[in-house]
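The structure appears below as C-alpha cells.
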Amino acid sequence: MKISMERATLLRAVAQAQSVVERRNTIPILANVLIEAEGDTVTFRATDLDIEVLDRAEAMVEKAGGTTVSAVTLHEIVRKLPDGAQVALSEEPGSGRLTVSAGRSMFNLATLPKEDFPVMASSEYTSNFSCKAQVLRRLFDKSKFAISTEETRYYLNGVYMHVSDSDGAKVLRCVATDGHRLARIDAPLPDNAADMPGVIVPRKTVGELRKLLDEDDMDIAVSVSETKIRFATHNITLTSKVIDGTFPDYTRVIPQGNTRKLEVDASEFAKAVDRVATVSSERSRAVKLALDEDRLVLSVNAPDSGAAEEELAVAYGDERLEIGFNAKYLLEIASQVDRENAVFLFNSSGDPTLMREGDDTSAVYVVMPMRV
Amino acid sequence: MPSLCRDCLTPFETGSRCPACGRPRVLSHPELFDLSIAHMDCDAFYASVEKRDNPELAAKPVIIGGGRRGVVSTACYIARIRGVRSAMPMYRALQLCPDAVVIKPRGAVYAQVSGQIRALMEELTPAIEPLSLDEAFLDLTGTARLHGAPPAVMLARLVKRMQEEIGVTGSIGLSHNKFLAKIASDLDKPRGFAVIGQAETPAFLRPKPVRLLWGVGDAGQAALDRAGIRTFEDLLRWEKRDLVQRFGSMGERLFHLARGEDRRRVTRNAPVKSISNETTFDEDTGDRDLLDGHLWRLSEKTTDRAKAKGMAGRTVTLKLRRANFTLMSRRMTLPDATQMADTLYRAARGLFDQVPEPGPWRLIGVGLSDLVPASMADRLPDLLDPHAATRAKAERAADEIRARFGNDAILKGRALR
C-alpha cells in the first residue's frame, strides 16, 4: 500500500477513528485503525465491537492495499504535523511497519495484519430514512443529559429513539431518563420512518454521532434494525449495536394534571440556582424553591457550611408552594431552554414537576423533587 | 528508677520487690510516671468471659467462634499454646486442638461486659477511643492532679479492678503516642503492662519488622517487601519525598511512624466509615433463592444498624467469598444515600445479578459506606419506581412494630428463604 493525502483530511478521518477505539482493551487489534486504499479513496475503519466507524477520504493511491496501525499513535502524529503538509503512508508487504512521512519527518509504526481486523457483521435494516443533521442534533442534544450511568439498569444507558404520536401527528421521539429526570424530545416524522422499530441508542454512540451533525442541512441516512442502527453521511458511516433491553413505559411518568404554572427567564433562573448552590457541600446539592404571587425565592441551607438565598421576579399566580430539587438537575434542564422562557408546571412538593420551553410541547422535561 | 507495684499500687524508687507488700510484680521505667497515652487490650476477651461464667471451663482449651465452618474469633490461652489463633478456620483449629470446647459467641453478654469496663475507664479520663468491644485507647494527659496519682498508677488500678470486679484480665501498653501504646500492649500479654518511653523509642523500633505497623495488611506488607523495606531500620533510610512518591499518603505516615512519631489524637468517637454484615454458610452454596434470602436479611441487619446510628450510606458493597477462600466484591454508588433495607437490598441484588460466576459461595456480605446523616438520605424518589414510597412507608411501619413487639414480630416473606 502506498498513498498520499492532505494532512487536514487525514486528521479528520483519524480523529473519528481514535475516539471510537477503547483506550483500555485487551485485544490489541481493537486499538488499531484499518486503513484500506483502492481507486482514489482511502477508508479508515475503527471499532470497539459495539460501534464501528468508517470514514472515506480522497487520496492519491499509488498502490492499493491495506493494513492496521494504532489509531491513537497515528492520530497524535498527524495532529502534530504542520498544517497544510502532504502526508504519505506506505507499507511494504510483509514488513510489518507502516511508514508515515511528511516533509522531513518520518515515522515507522508497527502494524497488524488487516485480515485480523474484526469487521462488524452487516445487518438487515428494516427501516431506512433520511433526516437533516440539525433535526437529529436537537433530538439527541436535548435528551442526552438525562441518560443514566447506573449499570444495574443498563436499559437506561442510552436514548430511546422511536415513533410516537403527539397531538394526533406522528413524531420521531427521543427519550432518556435516569429515574430522577426525564427528557422527551419530538421531531416531525421523516418520510419512510413510520415502521422504524424503537431502539435504545447507547451513550457512547450518541457521543460519536454528534460529530457527524455539525452541518445543519446535511442529510443523514438513518438505517434501523432490531439490533443495530446506522447513521451515514457522504463520508462517514457510523454503525452501532443498540441496547438489548426494554425501555420502561415512560408515558405514565409524565405528569398530565400539573396546574401550578411558573414562568421564568431560564438563564436568570439557572444563574441564580448556581449561585445559591455554591454554599452547599453535599454531593446532591438541594435547592429549595419557595413560590408566592409572582415571587420565587431560591434558598440553600447547609447546616455544616452555610446558607444562601436569592429572590427572582417570576410569573406565578397559584397558591404558595415550597419544593426542593437537586441543583444539578435544575441547572441541566434549565440549560436546555434556548429561545423562550422556561415554564414549570408543579403539582405538589412530592410529585414530579414538568418543564418546557414556552408553550412548545415538542421538548418536555420531568424532574423529581427531593425532600428538603 | 521510678517503680510501681502492680499488686498494691505503691510507687517507689528502685527495687525488684515492693517495699510495701513484698511481692515481685514490679514495673520500673525511667519515664514511668511521665507517659500518658495508653492502649488497654483485654486478654482473650470472649474466652475469659465464658470461663468466668462457667468455672468448669477454666482448665480447658476454649475457642469462641461460629459453627464448624466459621473462623476462630477468640481462643483462650490454653488453646493458643496448641497453636490456635484468631481468624483461623475452625476445622484447622480443631485439628490442632481436638479437645477444645467450641462456644458460639454471645455478643450481647460481651457487649454488656464491655460496657462495665468502659464505665471503669470513664472514671480515669473522658478521652477514650474504643477500637472494639475489648480494646481502647486512653489519653490520661493532665489527669495526674485530679486523680492524685500519675497515669501509670491509674492504669494499673484499672486492670486490677477489671480482674477483681468484672472477672476479666487485660494488658496495658503505655507510651507517648497511640501507635507505640498499641504495640506496647501486645509485648507482655496476658496481664501485661509494658512501657515504651521517648528515649528508647528509636532503639526499640529499629530492628522491629514493619509488620508491627497498625494498619499494614498483607497488601501493604507486599508493597513494602517489594521496596526492600522489612524493618524500621530499612524504613529510616528512605527520604520522605521518596516514600510519598512510592506509597502515596501512606508514605508520609510511614516516614513519621518510623521515627516513632504519631500525632493522631485519642478521639472519643472515631467516625464510622462503613456499616456491613456478612454470613459464612455451613455449606458452600450457589442456590440463588437461598442467597437471595441472605441478601435480604443482611440488608435488613445493615440498615437496622444504620437506622440506630441515624446514618445512611451512598455506596453499596456486595462481598462474596469463593469456595477457595478468594474474595470478590462489587460496589455501586446510589444516586441518593439510603438507610432503607428495601433500597439496599435492591442495589445489592442488582450487583449480585451481574456476577457472572455461578458460585458456590462460602460467604456473602452486604455493606453501606460513604456515610451521611439520615437527614440527607432517601430524599430523591425514583420516577420509574412509583411504588418505592409505599414500600418505604411499609418498612418504617414494620420498624415500629419490631421496636415494640420484638424483631420477629413482622417479617418479609423473603426473609424466610
Side-chain angles (χ1 to χ4, degrees), chain A residues 146 148-156 160 175-184 245-255 280-288 300-305 323-330 348-354 365-372, chain B residues 271 292 295 299 310-318 328-340 342-356 366 368-393 395-396:
Chain A
S148 168
T149 50
E150 199 185 315
E151 279 172 34
T152 45
R153 292 196 283 188
Y154 59 92
Y155 48 83
L156 299 181
Y160 180 44
V175 179
T177 181
D178 63 358
H180 305 297
R181 55 263 170 82
L182 176 145
R184 189 197 76 189
T246 308
F247 201 80
D249 176 15
Y250 63 86
T251 51
R252 59 184 172 78
V253 166
I254 298 173
S280 175
S281 58
E282 29 166 346
R283 221 172 327 168
S284 49
R285 306 195 287 178
V287 172
K288 186 165 85 178
V300 167
N301 198 345
D304 295 340
S305 51
I323 187 167
F325 291 100
N326 181 325
K328 176 170 162 259
Y329 295 170
L330 280 185
S348 80
S349 64
D351 293 313
T353 293
L354 192 125
Y365 306 91
V366 181
V367 58
M368 206 68 191
M370 75 192 284
R371 195 160 50 76
V372 285
Chain B
D292 185 63
L295 272 183
S299 301
M311 314 225 43
R314 206 178 155 99
T315 301
V316 175
T317 308
L318 171 75
M328 141 138 146
S329 69
R330 291 286 178 271
R331 55 172 45 205
M332 71 167 292
T333 304
L334 297 168
D336 191 21
T338 192
Q339 60 164 198
M340 301 307 284
D342 182 67
T343 312
L344 175 60
Y345 162 76
R346 278 162 194 268
R349 178 66 209 243
L351 290 170
F352 183 65
D353 287 342
Q354 285 184 324
V355 171
V366 171
L368 262 183
S369 53
D370 204 353
L371 302 179
V372 298
S375 63
M376 283 160 63
D378 297 303
R379 296 184 301 180
L380 191 62
D382 193 323
L383 278 167
L384 302 172
D385 189 3
H387 303 300
T390 319
R391 291 198 309 271
K393 276 187 197 155
E395 186 173 327
R396 296 284 185 206

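All heavy atoms count here, side chains included; hydrogens, waters and symmetry mates do not. Letters go in sequence order (proteins before strands), and every chain restarts at 1.
Of all heavy-atom pairs spanning B:Asp378 and A:Arg371, the tightest one is O-NH2, 3.5 Å. The minimum heavy-atom distance linking B:Pro381 with A:Pro369 is given by the pair CD-O, 3.2 Å.
With a 4.5 Å cut-off on non-hydrogen atoms, A:Leu182 touches chain B through its backbone and its side chain both. Within the 4.5 angstrom heavy-atom criterion, only side-chain atoms of A:Glu150, from C-beta onward, approach chain B. Looking at A:Thr149, neither its backbone nor its side chain comes within 4.5 Å of chain B, counting heavy atoms on both sides. Contacts of B:Ala377 with chain A are made by backbone atoms alone, with heavy-atom separations under 4.5 Å and no side-chain atom involved.
Here the side chains of B:Leu384 and A:Arg153 are in contact, with some heavy-atom distance below 4.5 Å.
Judged by distance alone, with hydrogens and angles left aside, the side-chain atoms of A:His180 form no donor-acceptor pair with the main-chain N or O of B:Leu383 at under 3.5 Å. Although no hydrogens or angles enter the test, the distance criterion places a donor-acceptor pair under 3.5 Å between the side chain of B:Gln354 and the main chain of A:Glu151.
By the 6.0 Å contact criterion, CZ on A:Arg252 is enclosed, its count of non-hydrogen atoms from other residues, nucleotides or ligands being greater than 12.
Note that CZ of B:Arg349 is 12.5 Å distant from OG1 of A:Thr152, once rounded to the nearest 0.5 Å.
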**Q.** side-chain contact (heavy atoms from CB on, under 4.5 Å) evaluation trace for A:Met368 with B:Asp382
**A.** CA-CA 7 Å; A:Met368 206 68 191; B:Asp382 193 323; over 6 Å; no

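Checked against side chain to side chain donor-acceptor pair (under 3.5 Å), B:Ser329 has no partners two or more places apart in sequence or in another chain.
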